[in-house]
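A short write-up of the structure that comes next.
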Amino acid sequence: MRIIRTIAELRSELDARRAEGAIRHGFVPTMGALHEGHLSLVRAARAESDVVVLSIFVNPTQFTEAADLDGYPRQEAADAALAEAAGVDLIFAPEAAELYPAGFATTVHLAGPLTETLEGAKRGAAHFDGVATVVAKLLLAVRPEAAYFGQKDAQQLLVVRRMVTDLGIPTRIVACPTSRDADGLARSSRNVRLSAAEREQALAIPRALDAVTEAVARGETRVSALARAADAILDAAGIRPEYLAFVTPDHLAPVGEVTGPVLCAIAARVGAVRLIDNTELVPASPRTADTKE
Ligand code: PAF
């Protein structure tokens with residue numbers, strides 16, 4: 001496995017692989033501090049690619065809080081060992097100046113609810129500008145056939161899908177299920193900053209999502225009732241969510257009833273760590289005459 005720092009070197013290595021017949025290039029963009037969630041993306045890429053490229057770049061332009069950027073875990077040697085064991089062929093780990101050369105003046109900006117609601121509303125428009133710009137740059141550098149993103153960042157996934165469609169970037173965007181620890185907490189590089197007590201408190205987030213899922217399975221469709229149930233669980237754990245949203249999965253439009261697929265998304269601070277999680281709700285199938293008790 002090679003670690004590559006420049007776009008020129010990456011392109012020439014990938015061109016050489018293509019010339020040898022390795023044409024399906026799968027790409028997993030990350031900010032490092034790899035955990036099992038990233039490795040599940042690598043495994044999905046490995047299963048359908050000849051060459052797997054993983055990028056490690058803590059992208060400063062998508063951080064809207066200096067403390068979050070400064071505190072973001074960085075561990076390249078450990079990441080390289082994990083990536084190699086999971087089947088990564090090439091790591092692209094550029095310096096900031098490689099992606100943002102002197103005089104850099106271009107921003108990829110998506111307008112509308114995909115970037116202005118939920119994370120965009122809480123973290124500011126600069127967040128998705130930063131994500132869209134760096135992902136566009138990475139896709140242009142790697143030129144992969146497919147790129148793999150986690151469903152935990154559901155809004156990011158929608159933004160990336162919209163961007164590749166709008167810019168005509170010929171990469172298939174693959175959504176992979178949220179990876180969870182045994183206790184249910186969605187895996188995130190930021191979780192290492194939770195104390196044991198905070199981690200316990202954070203478990204109220206997946207518990208709230210589970211409670212909502214179960215209520216929908218029992219036939220509850222009113223978002224007001226679902227929100228009350230989730231809020232009660234968060235409140236009992238001392239968590240005041242930044243948002244608890246029920247929106248359409250494709251356009252993030254708020255809904256009042258679960259009559260079709262609905263994304264339930266939560267963002268909350270636990271201690272100094274900001275966590276997000278979500279689940280897709282599917283309404284219980286209406287009971288037929290046969291199944292009525
Ligand atoms: O999800 C992430 O880790 C980042 O937002 C990404 C996609 C690597 C862009 O910096």
Side-chain angles (χ1 to χ4, degrees), residues 4 7 10 26-42 44-45 52-65 68-76 79 82-83 86 88 90-100 104 106-110 114-115 118-120 122-142 144 146-164 167 169 171-179 186-193 265 267 273-278:
I4 293 177
I7 295 172
L10 178 69
F27 176 47
V28 180
T30 82
M31 297 204 294
L34 300 187
H35 51 67
E36 180 52 34
H38 297 112
L39 302 181
S40 69
L41 303 182
V42 170
V52 175
V53 182
L54 175 132
S55 64
I56 298 178
F57 180 64
V58 183
N59 175 36
T61 65
Q62 72 187 74
F63 284 81
T64 46
E65 288 174 26
D68 193 23
L69 174 60
D70 293 344
Y72 204 84
R74 289 162 174 88
Q75 45 170 63
E76 190 183 286
D79 285 348
L82 287 170
V88 169
L90 301 172
I91 289 183
F92 178 48
E95 295 294 334
E98 180 68 10
L99 290 186
Y100 299 115
F104 191 85
T106 302
T107 297
V108 179
H109 173 75
L110 288 81
L114 287 192
T115 57
L118 306 180
E119 289 300 286
K122 289 294 165 193
R123 299 177 73 169
H127 170 63
F128 283 119
D129 284 357
V131 170
T133 304
V134 81
V135 172
K137 289 214 59 157
L138 291 168
L139 292 177
L140 289 170
V142 180
Y148 299 78
F149 291 83
Q151 183 64 42
K152 181 174 90 69
D153 296 299
Q155 191 172 6
Q156 168 171 281
L157 190 53
L158 291 175
V159 168
V160 170
R161 279 194 197 287
R162 185 73 254 165
M163 180 194 65
V164 298
L167 299 184
I169 297 176
T171 295
R172 184 165 57 89
I173 303 301
V174 182
C176 299
T178 300
S179 173
R187 291 189 167 110
S188 161
S189 302
R190 292 182 174 86
N191 290 356
V192 295
R193 288 161 49 200
V273 184
R274 188 171 182 280
L275 299 172
I276 59 171
D277 200 352
N278 67 77

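Note that ligands are numbered from 1 as they come in the structure, with each ligand's atoms numbered from 1 the same way.
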Quiz prompt | Atoms of ligand 1, numbered as shown, that sit under 4.0 Å from any heavy atom of Val134 | solution = 9 (C), 10 (O)
Quiz item: Which of the atoms of ligand 1 are close to Gln156, meaning less than 4.0 Å from one of its heavy atoms?
Solution: 1 (O), 2 (C), 4 (C), 5 (O), 7 (C)
Quiz item: Looking at atom 3 (O) of ligand 1, what's its closest protein heavy atom, distance included?
Solution: Met31 CG, 3.7 Å
Quiz item: N/O of Asn59 under 3.5 Å from N/O of ligand 1, yes or no?
Solution: no
Quiz item: Which residue and non-hydrogen atom of the protein lie closest to atom 10 (O) of ligand 1, and at what distance in Å?
Solution: Gln62 OE1, 2.6 Å
Practice problem: Look at the rings of Phe63 and Tyr72 and say which category their plane angle falls in: under 30° parallel, 30 to 60° tilted, over 60° perpendicular. | Solution: perpendicular
Self-check item: Least distance between heavy atoms, Ala175 atom then Leu157 atom
Solution: CB-CD2, 3.5 Å
Practice problem: For Thr30, counting its heavy atoms only, list the atoms of ligand 1 lying under 4.0 Å from any of them. | Solution: 8 (C)
Exercise. Work out which heavy atom in Gln62 is nearest to a heavy atom in Val134; give both atom names and the distance.
Key: OE1-CG1, 4.0 Å
Self-check item: Aromatic plane relationship, His35 with His38 - under 30° parallel, 30 to 60° tilted, over 60° perpendicular
Solution: tilted
Quiz prompt | Any side-chain heavy-atom pair of Phe27 and Thr171 under 4.5 Å | solution = no
